[in-house]
Amino acid sequence: MTASAKSAAAQPGPDLPADLNTLDEKVWAQGVARGADGVVTVQDLAVTRLAEEFGTPAYILDEADFRARCRAWKDAFGPGADVYYAGKAFLSRAVVRWLAEEGLHLDVCSAGELATALDAGMPAERIGYHGNNKTPAEIERAVAAGVGRIVVDSFQEIARVAHAARALGVRQKVQIRVTVGVEAHTHEFIATAHEDQKFGLALAGGQAEEAARRILGHDSLELTGVHSHIGSQIFDMAGFEVSARRVVELLGRIRDEHGAELPEIDLGGGLGIAYTPADDPREPQEVAKRLAEIVGHECDAAGLRTPRISVEPGRAIVGPTAFTLYEVGTVKPLEGLRTYVSVDGGMSDNIRTALYDAEYSVALVSRASDAEPMLVRVVGKHCESGDILVRDAYLPADLAPGDLVAVPATGAYCRALASNYNHALRPPVVAVRDGAARVIVRRETEEDLLRLDVG
Ligand SMILES: *Cc1c(COP(=O)(O)O)cnc(C)c1O
């Protein structure tokens with residue numbers, strides 16, 4: 001072992017990988033591979049060529065993988081269920097068209113997301129509308145567009161949606177967003193009676209039942225079911241099971257009190273993906289099977305007809321399909337600590353590390369290398385020491401300015417949360433399919449920046 005590898009091994013950090021040239025298929029899009037010349041390709045297109053044509057940083061999205069994941073979720077749940085893609089993870093007109101073609105539904109939670117969905121031709125009845133504070137104007141627009149459901153989040157909103165639907169002479173389908181007292185994150189979940197958060201109407205204290213009573217009292221509203229979303233980046237199904245049980249109990253109470261047997265339940269999104277090889281996500285088949293079993297069992301016990309199930313994966317569909325391609329600008333070894341690798345992006349294109357302490361991996365993609373591993377921290381170019389993309393990872397010790405590196409699993413909540421901090425120009429999203437690449441969201445320009453700044 002060389003001195004650099006020894007000092008690297010003494011650091012707390014990720015496991016030393018056996019071979020830095022290997023791309024772990026868990027964290028990379030399906031179409032990504034390293035070619036015989038050492039250059040990484042996606043759908044057979046070399047990242048070096050993509051960098052030349054589209055510049056860096058850039059989000060490179062494997063369209064075939066995106067579509068395959070849509071189909072995997074849809075097939076796993078079958079014709080008796082609906083899969084709503086959570087648009088907030090990443091939404092563009094191309095994505096909306098792919099979803100429409102693959103037969104998925106779409107969740108939006110703002111006027112901007114609704115406008116994107118409608119503009120790209122998603123049928124309104126396949127759109128669900130979320131949010132804890134939809135404005136009256138947003139509600140009116142959603143009802144006028146004919147969205148398939150509005151997931152109501154407060155008593156005030158019930159009155160607002162009822163009013164908007166009455167004024168437009170329509171009957172709007174709604175679900176109740178219920179907080180079931182389950183908080184799930186990664187491998188843990190907590191089941192409590194109460195949840196201290198801004199979303200939804202609580203089961204505890206009877207808020208959700210009161211919401212049902214009020215909705216059923218409005219002729220302009222049709223209550224189709226109840227909705228629960230318990231967290232994000234979840235690997236453990238136990239939280240979904242508790243949530244499903246509590247939601248079915250609520251359906252039973254609504255039937256007993258009002259004689260209304262609601263036909264739908266939505267169990268939300270939040271399924272985790274592999275950001276690093278250590279993560280172990282659930283497969284769609286497994287999720288679908290467990291949820292169907294538990295809902296079926298609970299409904300049998302309560303003497304209820306089994307409702308139509310829907311789910312709302314965002315991250316689990318788009319997250320693994322993209323990586324962010326960067327060029328290395330500087331390599332700064334800090335003796336006895338680690339080496340800082342600065343790339344040409346940063347917290348403006350991926351805020352998740354700074355915001356959530358998210359873990360990512362990174363690889364040298366413009367060439368293979370036999371050099372020793374060195375412990376690195378990959379950082380951006382922003383004026384902020386918290387501007388970290390990958391906190392701890394290994395890259396080859398011969399890494400040099402001009403090399404291209406890529407951070408995988410950046411399809412979800414990266415472009416969607418991108419900012420103009422330091423007047424950074426937000427990177428493009430380049431979709432690759434059948435050996436061809438095309439820009440689906442173009443790179444921002446200085447002209448774009450200055451156009452908003454009216455002086
Ligand atoms: C964010 C969100 C989702 C999607 O979450 P993922 O972690 O991306 O799967 C689904 N439903 C609701 C209501 C959400 O707020």
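Not measured: the values here are computed from a predicted model. All residue numbers refer to positions in the sequence shown, counting from 1. Counting starts at 1 for both ligands and their atoms, following the listed order.
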Show me, pair by pair, the donor-acceptor contacts under 3.5 angstrom made by side chains of residues 215-226, not counting sequence neighbours?
from   : atom 1 : to     : atom 2 : distance (Å)
Ser220 : OG     : Ala162 : O      : 2.9
Thr224 : OG1    : Val174 : O      : 3.4
Thr224 : OG1    : Glu264 : OE1    : 3.0

Revision key, fill the gap. Of Tyr129, Tyr85, Tyr84, the one forming a ring-ring contact (aromatic ring centres under 6.0 Å, His included) with His105 is Tyr84

**Study point:** Over 12 non-hydrogen atoms of neighbours within 6.0 angstrom of NE2 in His187
**Key:** yes

Check your understanding: How would you list, by chain and number, every residue that makes a salt bridge (Lys or Arg N to Asp or Glu O under 4.0 Å) with Arg253, sequence neighbours excluded?
Key -> Glu209

Check your understanding: Is the number of heavy atoms from other residues, nucleotides or ligands within 6.0 Å of CG (Asp196) greater than 12?
Key -> no

**Study point:** Set of residues that line ligand 1, where lining means a heavy atom lies under 4.0 Å from it
**Key:** Ala86, Lys88, His130, Arg177, His227, His229, Ser232, Gly269, Gly270, Glu312, Pro313, Gly314, Arg315, Tyr413

Point to revise | Residues forming a salt bridge (Lys or Arg N to Asp or Glu O under 4.0 Å) with Arg246, sequence neighbours excluded | key: none

